[in-house]
Every structure is written in structure tokens, then in C-alpha cells.
Amino acid sequence: MSAVPQTGDRASPLATATFAGLLVVAGVFLMHQTRGNTLLSDEWRWAVERLDNDVGTFLTPHNDHLSLVPVAIYKVLFATVGIGNYVPYRLLVTAGHLGCVALLFAYASRRVGGWLALLAAALMLFLGPGWQNMLWPFQIAWLISIGAGIGALLLLDRDNRAGDVAASALIAVSLASSGIGVPIALGMIVEVLWARRRPRDIWIVLAPLALYAVWWVGYQEVHSTLGETITAWPGWSAALAAGTLSSLTGLFGQTVPGRGGGTLIEWGAPLVVGAVALLAWRIARLGRFPPRALTLLTVLMSFWILTALDRAAFAPPYESRYLYVSALFVVLVAVELARGVSLAPRVRWLLTLAVAAAVLSNIGGLRAAAAYQRGQSRLVTADLGALQLARPLVHRGVLATGFPGYPLFQLDAGAYLEAEKVLGAPAATAEADIAAKPERARLTADVQLLQVQQMTLRPAARRPQDREACVTGRDELSVPVPWAGLWVAAHGSPATLAIRRFADGYQRLGALAAAAPATLRLQRDLAARPWQLRVVAPDGATVCRLR
């Protein structure tokens, strides 16, 4: 069979130059939006738990994914730049996203010409609802799988032995980077058996799948949630399809990431109906289903179904990373179905305006997501900074309770401090750094320090003899807490005690009954900034410094 015919006018110099300019703008924009970020969530698992260099470090699955390639990349970054400088990580995810969009542009321009390819690429370049795969370096795993899959399709277009061998290698890279490689491999089986109709070429897919099967038998743990998701997947997949179309059209609604789906489903449902009708009309006009479109549709449907079966019990269908993958393959399917279509100038301009409106809407969502992620990074650095200040008191088993995602995500504080000796520290290590952060981050530091201190009120027998070390007052008292601690007694009625250090807001310690004095003692850490105790006592209270 000859190579796939090229039906578009390819990318004109103007379209190529415009796309190159968009890549530069997007790259600068994304690097600006990720400023101030640090490692988040699962990145810490790799930083703390994958410091060794044995085989298991690279092949142990992460959330059921074979992550050989991204783990190797992170290991290189850990060894060369550590974790104190996050710029290389930000460059990594930015390059990964831009690379996937560049492959999309190259793929589309060969089929529908430069103008439509430019519109398709612009939709993905600023896909706000897909922010995780654009702003979070950890998602380089998925980006490598996607990019390798598109690259394999481009190589298969060459229809020669060199292209086939290279495509097989890219399928292996896709499988070795994340679970996204599985639906891509399934689509490649359809490509060989249906599009090429050459069963002898099945080795292109079977060779990498055989390697993947060896890994699966040796390392994958079977803990299927199939019983919970088998009945949920149709609705879950349909919701993901609806959210995908809403994302591409910019009708997703302005929502804080991770806090809801906005209008993804509301707008998406009628969009899905319209898309299905348009698909049926196009197939009727063509008289057949284009073979490559069937390959891409297999990838898309496999991704929807497999993700639903694996994750429907844990994650909503509008998770950002799912929307990105789904949107990219929806665009690729649309590109295949649009081959040979000739649009009137007026329609072309209307389509351009619609894409521009969607891009502007999605840029707003992308900025909101980036602001959210920067806020999460501030919480991380404040929490880790607190752990470093409390280093003499921290041991293995102490959890970073102020970490974003806790308690679903748990970081062993002692293990982090051990890893920090090797990798460096991204934390706000100086007291002044924590004190300069927003209130929520300072509150996070206080909560973490309280948890390490395990500060509690203990019953006390009598008042200290040094009267000059005592202060008595009504309604509210605010006093610094010395390292030796305080003696506190309420008069007449119970008192409420609260404490703070870096934050403006207080953390409640408990209530103190009248005529039941107690002591509050501290363990010394590395911070010079004192704790402040607030005693609210309607009938008065006495607070004495201990020596």
C-alpha cells in the first residue's frame, strides 16, 4: 500500500509562521503562569520514595501506570538541579505541551491545510480546562505518551520499513510513559488490521505490547474497582464526552479547579447530540468511515471506557487531565473527517471567529487555574518551611498535615527532611519567608508546627510563686509563650484558649474550666518567633510565665 495521500494544501508559509508565533506566545505565557510554583502532590512521591536507583525504582507502577520514562527524566532532574530550582520542571511541561500541539499542527496540515490546522492547534494550545497537562510538570508522563502516539501515526503514514520500526519504538515509549499508551496501542491495532489491511504488520504493535505484558506480570498489582465502575462507565464516559466538547468551545464556565465542573456538562450534552448528528451526516456523505478516523476513534473510545472502568469510583469525568487527552483526540478525529472539505470564505471567517472566542474564554480559565496552582505551591512551601523550623522535633511517621490534599495525599515529614539533604529544599526556609506569605499559607505553617509540637493543656496543681511573672485580666488576654511554657487559670467561669505564631488567625487549643489551672509547655524548635496565646475569659484569668 502506498503512503497516505496528502489532501490538504499543507501549511503555507504564512500559516507556519503564524503557528510558530503562537508557540512562542504560549510558551512565554505558560512560563509566566507557572512562576513561583514548586513540586506538588504526586511529584513528592517520586522525590521522597524514588531516591534509589534499583530496577524497582523505575518499574514500580504509579497509580497503576508504568512510568519508566518520566521517572527516568525526574531522576535526571533530581540529580542535576535538585528540587530547589523548579524552572527546569516548568520548562519540561511547557515543552511537552507545545510539542504535542506542534505534532497536531503537522498532522492536521497534511490533511486539511495550514489554515484549519492552525485553528485546530490554537484550540489545544490554550485549552484552559486541560490545565493540568499544561501547568503541572508531573503530567509530562501523559504528554510523552500522547506525543509518541501522534508521532507513530505520522511515521506510519510513510508506509516503509524505517517508518514502521520507528513507529513501533514510539508505541513502546508511549506505553512506558503512562497508561495513556494502552488506548493508543489499541488504536494502532485497528490501524494495522483495518486501515492497512496487512496482518503481517501487526508486529509494529505486538512487539511493544509484549514488553508491556512482561512488565504487567512482574510489577502490576491487581486491585480492580470493576465491580464499582462497570455500571457507571456509560454515564461517566458520556459526561467526559460532554465536558470535552464544552472545553473545546470555551463553554466550560469559570470554576476553581478541583471544585466542580462548572457548565461543562450543561453545555456539553446538546453539543454531543449535535456532534453525533454531524458525524452521521459526514459519514453518509463520504459513503464510508475513513480508516484513520476509525483508528483515532478507537483510541478515543478506549480512553473513555478504560478510564471510566479504572477511575469512575475516584474521580469526576471533568478532571482536567482527562479533558486534555479527550479533546486532542476529538480534534484529530475531526481533522480526518474534514479531509477534502471546501468551505466558503464566509464560513471560514465565522469558524475563525468562533475559535478565537473559544480561545479567549479558555485563556481566562487557564489563568484562573494557574492562580489556583500558585496558591497550592505557597501552601506547600509554607508547610515544608514549618517542618524545617521544627526539624529537631520531626521523625519518620510524622505527617505533613498542612500539605495540599491531606489526608488523601500523605507525605512523611521525616522522610522529606531526609530527602531534602540530597535534593535541596524548595521550602520557605527563613522565618521572614513564611511571615511574608498570604494568611492562608501562614495559617498552614502554624497548623503544621502545632501538630509537630503536640501542644496540649495539662492540669497544674498550684500557681507559680514568682508574682512578677504573672498577668491578670478580664475578657481577653494576649501573651507571648516562652519556651518554658505558661501557667493559666480561669476565674469564676471557663476560659477559651487559642494560639498563633505566623498567622493573624488563632488556632483553638481548648477550654479551661474555672478553678482548674493548667500548664502549656513547648518543645524548642529552630524558630525565634514566639507563639502568642489568647485567653478569652469573661470573669478574668491569670497567666504566669514558667521558668
Side-chain angles (χ1 to χ4, degrees), residues 3-30 97-130 134 146-147 149-151 153-155 157-158 244-251 271 274-275 277-279 281-283 285-286 290-293 295-297 300 324 326-363 366:
V4 174
Q6 312 303 319
T7 58
D9 60 358
R10 285 183 173 264
S12 66
L14 178 60
T16 301
T18 303
F19 175 68
L22 279 178
L23 281 184
V24 172
V25 170
V28 173
F29 174 75
L30 292 174
H97 169 59
L98 297 184
C100 286
V101 177
L103 287 167
L104 168 63
F105 178 77
Y107 186 96
S109 63
R110 298 183 181 187
R111 286 158 168 80
V112 294
W115 172 74
L116 283 178
L118 187 61
L119 297 185
L123 283 175
M124 284 304 304
L125 202 54
F126 300 99
L127 188 73
M134 303 159 70
I146 296 167
I150 301 174
L153 290 172
L154 288 169
L155 287 166
D157 285 346
R158 298 174 58 177
T244 299
L245 294 180
S246 292
S247 299
L248 286 169
T249 52
L251 299 173
L271 288 172
L278 185 61
L279 175 65
W281 172 82
R282 181 59 177 161
I283 297 303
R285 289 291 302 268
L286 292 173
R292 176 57 67 80
T295 295
L296 294 165
L297 192 61
L300 180 62
Y324 183 99
S326 183
L328 183 58
F329 282 99
V330 164
V331 170
L332 286 170
V333 171
V335 164
E336 283 294 335
L337 293 174
R339 294 177 67 169
V341 171
S342 179
L343 299 177
R346 179 180 299 178
V347 176
R348 291 165 67 96
W349 279 110
L350 288 175
L351 185 58
T352 301
L353 291 175
V355 169
V359 167
L360 287 175
S361 174
N362 281 332
I363 286 176
L366 191 56

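Note: hydrogens, waters and symmetry copies are ignored here, and every other heavy atom, side chains too, is used. All figures in this text were calculated on a predicted structure; none of them were measured in a lab.
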message: If you define the side chain from C-beta out and look only at heavy atoms, does anything of Asp157 sit under 4.5 Å from Leu153?
response: no
- prompt: Any side-chain heavy atom of Trp115 sitting closer than 4.5 Å to one from Leu118?
  reply: no
message: Can you confirm whether Leu251 sits close enough to Ser361 that some side-chain heavy atom of one is under 4.5 Å from a side-chain heavy atom of the other?
response: no
Over all atoms of both residues, closest heavy-atom pair of Asn362 and Pro129: OD1-CD, 3.3 Å
message: I'd like to check Val335 versus Leu296 (side-chain heavy atoms, cut-off strictly below 4.5 Å). Are they in contact?
response: no
query: Hey, which of Leu351, Val331, Val112 is the one that makes side-chain contact (heavy atoms from CB on, under 4.5 Å) with Leu119?
result: Leu351
message: Please give me the minimum heavy-atom distance between Leu22 and Ala122, naming the atom from each residue.
response: CD1-CB, 4.4 Å
- request: Kindly give the heavy-atom pair with the smallest separation between Ala102 and Leu23, and that separation in Å.
  value: CB-CD1, 4.5 Å
- prompt: Any side-chain heavy atom of Val341 within less than 4.5 Å of one from Leu116?
  reply: no
query: Within the distance-only criterion (no hydrogens, no angle test), does the side chain of Thr18 pair as donor or acceptor with the backbone N or O of Leu14 below 3.5 angstrom?
result: yes
- request: Can you measure from CG (Leu103) to CE (Met124) and round to the nearest 0.5 angstrom?
  value: 12.0 Å
message: Give me the atom names and distance for the closest heavy-atom approach of Ser109 to Ala117.
response: N-CB, 3.4 Å
message: To the nearest 0.5 Å, what is the distance between CZ on Phe329 and CG on Leu104?
response: 10.0 Å
query: Nearest heavy-atom pair of Leu125 and Ala26: which atoms, and what distance?
result: CG-CB, 3.7 Å
query: Between CG of Leu300 and CG of Leu332, what distance do you get to the nearest 0.5 Å?
result: 9.5 Å
- request: Output the distance between atom CD1 (Ile283) and atom CG (Leu337), rounded to the nearest 0.5 Å.
  value: 5.0 Å
field: CE-NE2 distance between Met134 and His97, expressed to the nearest 0.5 angstrom
entry: 3.5 Å
statement: The reported gap from CZ in Arg292 to CZ in Arg339 (rounded to nearest 0.5 angstrom) is 8.0 Å
message: Please enumerate all residues that pass ring-ring contact (aromatic ring centres under 6.0 Å, His included) together with Phe19, with sequence neighbours excluded.
response: Phe105
- prompt: What closest approach, in Å, do Arg282 and Ala338 show between heavy atoms, and which atom pair accounts for it?
  reply: NH2-C, 4.3 Å
